Amino acid sequence: MTFSEELRRRRTAAVARGVGSVLGSYVDHAVGATITDVDGRRWLDFASGIAVTNVGHAAPAVVEAVRAQVERFTHTCFMVAPYESYVAVCEELNALTPGGFEKRSLLVNSGAEAVENAIKIARHATGRPAVVAFEHAYHGRTNLTMALTAKNMPYKHRFGPFAGEVHRAPMSYPLRDGGLSGPDAAARVVDLVEKQVGAENVAALLVEPIQGEGGFVVPAGGFLPALREWATAAGVVFVADEIQTGFCRTGDWFACAHEDVVPDLVATAKGIAGGLPLAGVTGRAELMDAAHVGGLGGTYGGNPVACAAALASIGIMRERELDAAARRIWATAWPRLHAVAARDPRVAEVRGRGAMLAVELVRPGTLTPDPAGAAAVSAACHAAGLLTLTCGTYGNVLRLLPPLVITDAELARGLDVLDAAFARTS
Ligand code: PLZ
């Protein structure tokens, strides 16, 4: 029996069944873009721990910053005895997120917690109750963020009742909405909100600029700017969930920048700290400062080890220009994925930006989702040493999230494996 097989047995007896894993093997160590399991098998990592290790596994500067911080102190609680690195991460977030206005930030532990806090802040600042979220949205697994998340299985099923005052609006999804223009898709949202909710009741409009778990859905051009414009006019707080798209992933520091959309609040997590748990809410000072002293916080929010990792990760992104690296990954992968699409009738669309790329699979000649096809391609990749993920409301989207430090040779090898996996399963 391999060590991984033994661990699978121990896991079944010890770990709650509700937590799933993509890979059946257990990790021993990971460096750069490569994961090695306890039996010595290796995978090229096109998942990055779901868009987290943008700077690569065990980036030396992150390892060193974490080591040094652990030796100084690991926890005092910022609400009890504050420290510089928390302030420094907030300064970085205020400088890096879109918008030249005065900003403030808050640090928490997870993406879901960041979204929860963004909504708390928007409600407090506006005195309004309602939140508008989108079809295919994913925002987390806590009670409020389950309510904000669109998909029932596996995220919500039998986990309710859910938080109230969440209203679902149609997303711009060019492949599946008949190619509605961005402004027309936004008009559809505005009409629904004004008729069914009332703009004056809406605290926040919450949107992933490119949807993550929902299928790497890139809205039509003009959708986000039109919603931004409406939110401004209606006094609605525009909240961008940049948790999966942030920190150079899409070829810019934040995905909103592609259309020069400036959110009022931005939720960040994942890529911010190179694998340590950290998340943030950043935005207009007058909104962020609305809540009373003591109204925001948490025991571990902005933990000093996570903050040290974040400062090191941001330093790497800046020095190595990982936004440009993500655009280079796109330039290499895009024609390769289109070559697969030209050959394989299951491919309905290749989409994404930077190093956030996806292939949506359907039954040939239709728009009927083909989740079995996506699962088969992904499994073939795993068997050949490439770690890929699927996503999408229908589970029919293969997604690529390589570390942004991946080498040209590694990227080429991964794309070869992917190409062969499509060929083998068609
Ligand atoms: N918002 C846009 O992508 C996390 C979750 C995977 P947490 N996505 C991966 C799973 O099945 O749990 C995510 C996201 C967007 C919010 C979140 C939530 O971030 O750090 O997982 O809470």
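Read the numbers this way: they start at 1 and go in the same order the structure lists the ligands and their atoms. All values reported here derive from a predicted model rather than from experimental measurement. Starting from 1, each residue takes its place in the sequence as its number.
With salt bridges taken as basic N to acidic carboxylate O contacts below 4.0 Å, one links Asp264 and Arg228. Look at Glu113 and Lys120 and you find no salt bridge, because none of the NZ, NE, NH1 or NH2 atoms lies under 4.0 Å from a carboxylate O. Checked for salt-bridge contact, Glu135 and Arg176 miss the test: no charged N lies under 4.0 Å from a carboxylate O.
The neighbour count for Arg320 CZ, taken as heavy atoms of other residues, nucleotides or ligands under 6.0 Å away, does not exceed 12.
The parts of Ala112 lying near ligand 1 are both backbone and side chain, judged by heavy-atom distances below 4.0 Å. Using a 4.0 Å cut-off between heavy atoms, Gln211 makes no contact with ligand 1 at all.
Near Glu208, the atoms of ligand 1 lying under 4.0 angstrom from a non-hydrogen atom of the residue are 2 (C). Of all the atoms in ligand 1, the ones that sit under 4.0 Å from a non-hydrogen atom of Ile243 are 1 (N), 13 (C), 14 (C), 15 (C), 16 (C), 17 (C). Atom numbering of ligand 1 starts at 1 in the shown order; those under 4.0 Å from a heavy atom of Ser110 are 20 (O), 22 (O).
Residue, atom and distance of the protein heavy atom nearest to atom 6 (C) of ligand 1 are Ile50 CD1, 3.7 Å. Of the protein's heavy atoms, Tyr138 CE2, 3.7 Å lies nearest to atom 17 (C) of ligand 1.
One finds the SG atom of Cys307 at 5.0 Å from the CG atom of Leu278 (value rounded to the nearest 0.5 Å).
Judged by distance alone, with hydrogens and angles left aside, the side-chain atoms of Lys151 form a donor-acceptor pair with the main-chain N or O of Gly392 at under 3.5 Å. Judged purely by atom type and a 3.5 angstrom limit, Thr36 has no side-chain atom pairing as donor or acceptor with the backbone of Arg42.
The residue among His139, Lys270, Gln244 with a heavy atom at the shortest distance from atom 4 (C) of ligand 1 is Lys270. With atom 11 (O) of ligand 1 as the reference point, the heavy atom nearest to it among Glu116, Glu213, Arg141 is part of Arg141. Around atom 15 (C) of ligand 1, the closest heavy atom drawn from Thr245, Leu389, Asn109, Asp241 belongs to Asp241. Nearest to atom 19 (O) of ligand 1 by heavy-atom distance, out of Gly49, Ala51, Gly111, Ala137, is Gly111.
Taking a distance limit of 4.0 Å, we find that atom 21 (O) of ligand 1 is approached by no protein heavy atom.
Glu208 places none of its side-chain heavy atoms less than 4.5 Å from the side chain of Val217.
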